[in-house]
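The block underneath contains the structure these notes are about, expressed in C-alpha cells.
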Amino acid sequence: MPARSPLARALVWWVERARRWAVAVVAGSVLLTVAGGYYTAGHLGMNTDSGALLSTDLPYRKNLKAFEAAFPQLEDNLAVVIEADSPDRAEDAANALVAKLSEDDQTFEEIFTPDGDPFFRREGLLFLETKELQDLSDRLAQAQPLLGALAEDRS
C-alpha cells in the first residue's frame with residue numbers, strides 16, 4: 001500500500017465522515033442554504049438608481065439640483081410623440097389622446113399639447129430654425145399672387 005500524503009489522508013477522513021453521516025450532511029446543507037437565502041433576502045439589495053452612482057458634490061449634480069428646484073414643473077414628465085400619415089391625422093390622434101388622458105385626473109395632473117396652446121399657435125414660427133423660416137418665407141413669396149387673390153375673393 002503506497003504512503004498517503006497528509007492531504008490525501010485528510011480528504012479520505014472527510015469523505016468517510018460525510019458518507020457515514022450522509023443524512024445529517026444533507027439536512028445541514030439544506031438548513032444552511034435556507035438560512036443563507038433568508039439572510040440574503042433580508043439584508044442584500046440592489047440599487048438601480050443611476051443617479052446614486054455619482055457623488056452629490058459634483059458641480060453637475062449641484063447645478064441639476066438647483067435647476068430642478070427652479071423648475072419643478074419639469075420633473076416626472078412623460079412625452080408622447082405621435083406620427084401619422086398626415087398632419088390632420090396626427091392632430092386628430094393627439095386630440096383623442098388628450099381627451100382620453102384628461103378623464104384620469106388622478107394619474108395625470110396636467111396635460112399639455114404644444115399644438116393646442118394659443119401661444120404656440122400664434123408664435124410658433126419663432127421656434128423654427130433660421131433656414132426653415134427662410135424657406136417658408138420664399139415659398140410664401142412665390143404663392144403671394146394666389147394668396148392675394150384668395151384674400152380678395154373669399155367665395
Side-chain angles (χ1 to χ4, degrees), residues 7 10-11 14-15 18 22-155:
L7 179 60
L11 285 174
W14 181 261
V15 170
V23 174
V25 169
V26 170
S29 297
V30 169
L31 183 65
L32 285 174
T33 301
V34 170
Y38 179 76
Y39 178 82
T40 300
H43 294 85
L44 298 180
M46 184 177 290
N47 184 357
T48 59
D49 180 13
S50 60
L53 294 174
L54 302 173
S55 170
T56 56
D57 295 333
L58 292 172
Y60 155 76
R61 294 292 300 267
K62 290 179 180 177
N63 290 339
L64 178 61
K65 190 170 221 150
F67 178 82
E68 288 172 347
F71 300 100
Q73 70 274 18
L74 298 179
E75 287 186 26
D76 299 327
N77 287 332
L78 175 67
V80 177
V81 177
I82 297 176
E83 294 184 16
D85 298 339
S86 68
D88 290 336
R89 285 188 175 186
E91 186 174 355
D92 291 344
N95 292 337
L97 181 62
V98 166
K100 187 68 174 170
L101 294 179
S102 296
E103 295 172 4
D104 185 6
D105 58 355
Q106 295 296 320
T107 306
F108 304 103
E109 292 178 15
E110 180 181 352
I111 299 168
F112 173 74
T113 56
D115 289 349
D117 188 85
F119 173 79
F120 286 111
R121 284 194 177 273
R122 191 177 59 252
E123 310 292 341
L125 294 177
L126 294 174
F127 294 93
L128 290 176
E129 295 290 330
T130 305
K131 176 75 173 123
E132 292 174 307
L133 197 55
Q134 288 172 343
D135 291 345
L136 177 62
S137 175
D138 291 344
R139 288 195 311 265
L140 286 174
Q142 291 173 352
Q144 194 277 330
L146 174 63
L147 294 175
L150 288 175
E152 287 179 15
D153 182 14
R154 296 183 184 189
S155 63

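- In Q73, the CD atom is crowded: over 12 heavy atoms of neighbouring residues, nucleotides or ligands sit closer than 6.0 Å.
- Between A90 and A84 the shortest heavy-atom distance is N-CB, 3.4 Å.
- Between the CD1 atom of I82 and the OG1 atom of T113 there is a distance of 9.0 Å, given to the nearest 0.5 Å.
- Distance check: S137 OG to L128 CG gives 11.5 Å after rounding to the nearest 0.5 Å.
- Between F67 and F71, the ring planes lie tilted relative to each other; the angle falls in the 30° to 60° range.
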Inset, instruction - Please report the C-alpha distance between V80 and L101 in whole Å, then the side-chain angles of each, then the deciding distance to 0.1 Å, and finally whether the side chain to side chain contact (heavy atoms under 4.5 Å, CB included) criterion is met. - result: CA-CA 12 Å; V80 177; L101 294 179; 5.7 Å; no
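- Under the rule for a side chain to side chain contact (heavy atoms under 4.5 Å, CB included), Y38 has no partner lying at least two apart in sequence or in another chain.
- Using a distance-only test at 3.5 Å, with no hydrogens or angles considered, no donor-acceptor pair links the side chain of D153 to the main chain of A149.
- More than 12 heavy atoms of other residues, nucleotides or ligands sit less than 6.0 Å from atom CD of E75.
- Rounding to the nearest 0.5 Å places CG of N47 at 7.5 Å from CG of L53.
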Inset, instruction - Check the pair L64 / E68 against side chain to side chain contact (heavy atoms under 4.5 Å, CB included), numbers first and verdict last. - result: CA-CA 6 Å; L64 178 61; E68 288 172 347; 3.8 Å; yes
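- How far CZ of F127 is from CG of L133: 12.5 Å, rounded to the nearest 0.5 Å.
- From F112, atom CZ reaches atom CG of N77 across 11.0 Å, with rounding to the nearest 0.5 Å.
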Inset, instruction - May I have the step-by-step check of side chain to side chain contact (heavy atoms under 4.5 Å, CB included) for F119 and R122, ending in yes or no? - result: CA-CA 5 Å; F119 173 79; R122 191 177 59 252; 3.7 Å; yes
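- Residues R89 and D85 approach most closely at NH1-OD2, 3.2 Å, considering heavy atoms.
- Counting non-hydrogen atoms of other residues, nucleotides and ligands closer than 6.0 Å to CD of E83 gives a total of 12 or fewer.
- Salt-bridge check for D135 with K131: passed, with a basic side-chain N closer than 4.0 Å to an acidic carboxylate O.
- Across P145 and Q142, no two heavy atoms sit closer than the pair CD-O, 3.6 Å.
- Looking at S102, its side chain does come within 3.5 Å of a backbone N or O of V98 through a donor-acceptor pair.
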